[in-house]
Amino acid sequence: QVQPVESGGGLVQTGGSLRVSCAASGGTLSGYSVGWFRQAPGKGREFVATITWDGANILYGDSVKGRFTISRENAGNTVYLQMNSLNPDDTAVYYCAVHLLGGIRSRLQDYRYWGQGTQVTVSS
């Protein structure tokens, strides 16, 4: 079992940048494919980005393409989401999740292990 833990959320002004991180509590993310999702108040959970276990394949949601970058470092133990050109529509709780299936996955239901989330707030 893998327990993702997010960190790095906070408050940022429109146009600013923020980086959130995902690690595994008591274990490692190395060897697992990881995705980021977000949920704004009153809305459903939305796919943001995902990276395969080896970093070879990456996919972004349409709303963040060109502004967000997902990466993994520290021998794959940490997955980052670099968020640039932030705007108030990016305000949400950001969740890190792990899936055990092959390939690139963007569907919520494909992800088995979820973190508790970290709040990102973009002020106008």
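The structure displayed is predicted, hence computed values, not measured ones. What you see below is based on every heavy atom in this structure, not just the backbone, and it leaves out hydrogens, waters and symmetry mates.
Rounding to the nearest 0.5 Å places CD1 of I104 at 5.5 Å from OG1 of T52. T50 contributes atom OG1, which lies 9.0 Å from atom CD1 of I58 (distance to the nearest 0.5 angstrom). Atom CG of L86 and atom CG of L11 lie 11.0 Å apart (nearest 0.5 Å). The CG atom of N57 lies 8.5 Å from the OG atom of S33; values are rounded to the nearest 0.5 Å. Going from atom CD of Q119 over to atom CD of Q39 covers 11.0 Å, rounded to the nearest 0.5 Å.
If you check the side chains of S21 and E6, you find no donor sitting under 3.5 Å from an acceptor.
Between Y95 and W114, the ring-plane angle classifies as perpendicular under the 30° and 60° cut-offs. F37 and F47 have perpendicular rings, their planes meeting at more than 60° on a 0 to 90° scale where under 30° would count as parallel.
Atom CD of Q13 has 12 or fewer heavy atoms from other residues, nucleotides or ligands within 6.0 Å. In this structure, K43 places its NZ atom where only 12 or fewer heavy-atom neighbours from other residues, nucleotides or ligands lie under 6.0 Å away.
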Query - side-chain contact (heavy atoms from CB on, under 4.5 Å) between V48 and L81, intermediate numbers included - result: CA-CA 9 Å; V48 175; L81 184 68; 4.0 Å; yes
Requested in this report: Show your working on side-chain contact (heavy atoms from CB on, under 4.5 Å) between L59 and S106 and close with a plain yes or no.
Outcome: CA-CA 8 Å; L59 181 69; S106 62; 4.1 Å; yes
Query - Y80 vs E73, side-chain contact (heavy atoms from CB on, under 4.5 Å): CA-CA, chis, key distance, verdict - result: CA-CA 8 Å; Y80 299 103; E73 299 177 13; 3.7 Å; yes
Report task. Take N87 and T14 through the test side-chain hydrogen bond (donor to acceptor under 3.5 Å, both in side chains) and record every step on the way to the result. Result -> CA-CA 5 Å; N87 61 68; T14 295; over 6 Å; no
Query raised in the report: Checking side-chain contact (heavy atoms from CB on, under 4.5 Å) for the pair I70/W36: CA distance, chi angles, key distance, verdict?
Result: CA-CA 9 Å; I70 189 171; W36 284 97; 3.6 Å; yes
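Of all heavy-atom pairs between S17 and Q82, the closest is CB-NE2, 3.8 Å. Nearest heavy atoms, C96 versus V34: SG-CG1, 3.6 Å. What you find for S63 and R67 is that their closest heavy atoms are O-NH2, 2.9 Å. Residues V2 and A24 approach most closely at CG1-CB, 4.2 Å, considering heavy atoms. Annotation for P41 and T91: closest pair CD-O, 4.4 Å, computed over non-hydrogen atoms. Nearest heavy-atom pair across V98 and P4 is CG2-CG, 4.0 Å.
There is a path of hydrophobic side-chain contacts, each under 4.5 Å, that joins Y60 to V20. Criterion: ILVMFWY side-chain heavy atoms under 4.5 Å apart, direct or through other members. Under it, V12 and F68 are part of a common hydrophobic cluster.
Side-chain contact between M83 and V120 is present, with heavy atoms from C-beta onward closer than 4.5 Å. With contacts defined as side-chain heavy-atom distances shorter than 4.5 Å, the pair V79/I51 qualifies. Inter-residue side-chain proximity for L29 and C22 is flagged as met; some heavy-atom pair is nearer than 4.5 Å.
For the pair R38 and Y94, the NZ or CZ position fails the cation-pi test of under 6.0 Å to the six-membered ring centre and within 45 degrees of the ring normal.
The closest donor-acceptor contact from the side chain of Y111 to the backbone of R105 lies under 3.5 Å.
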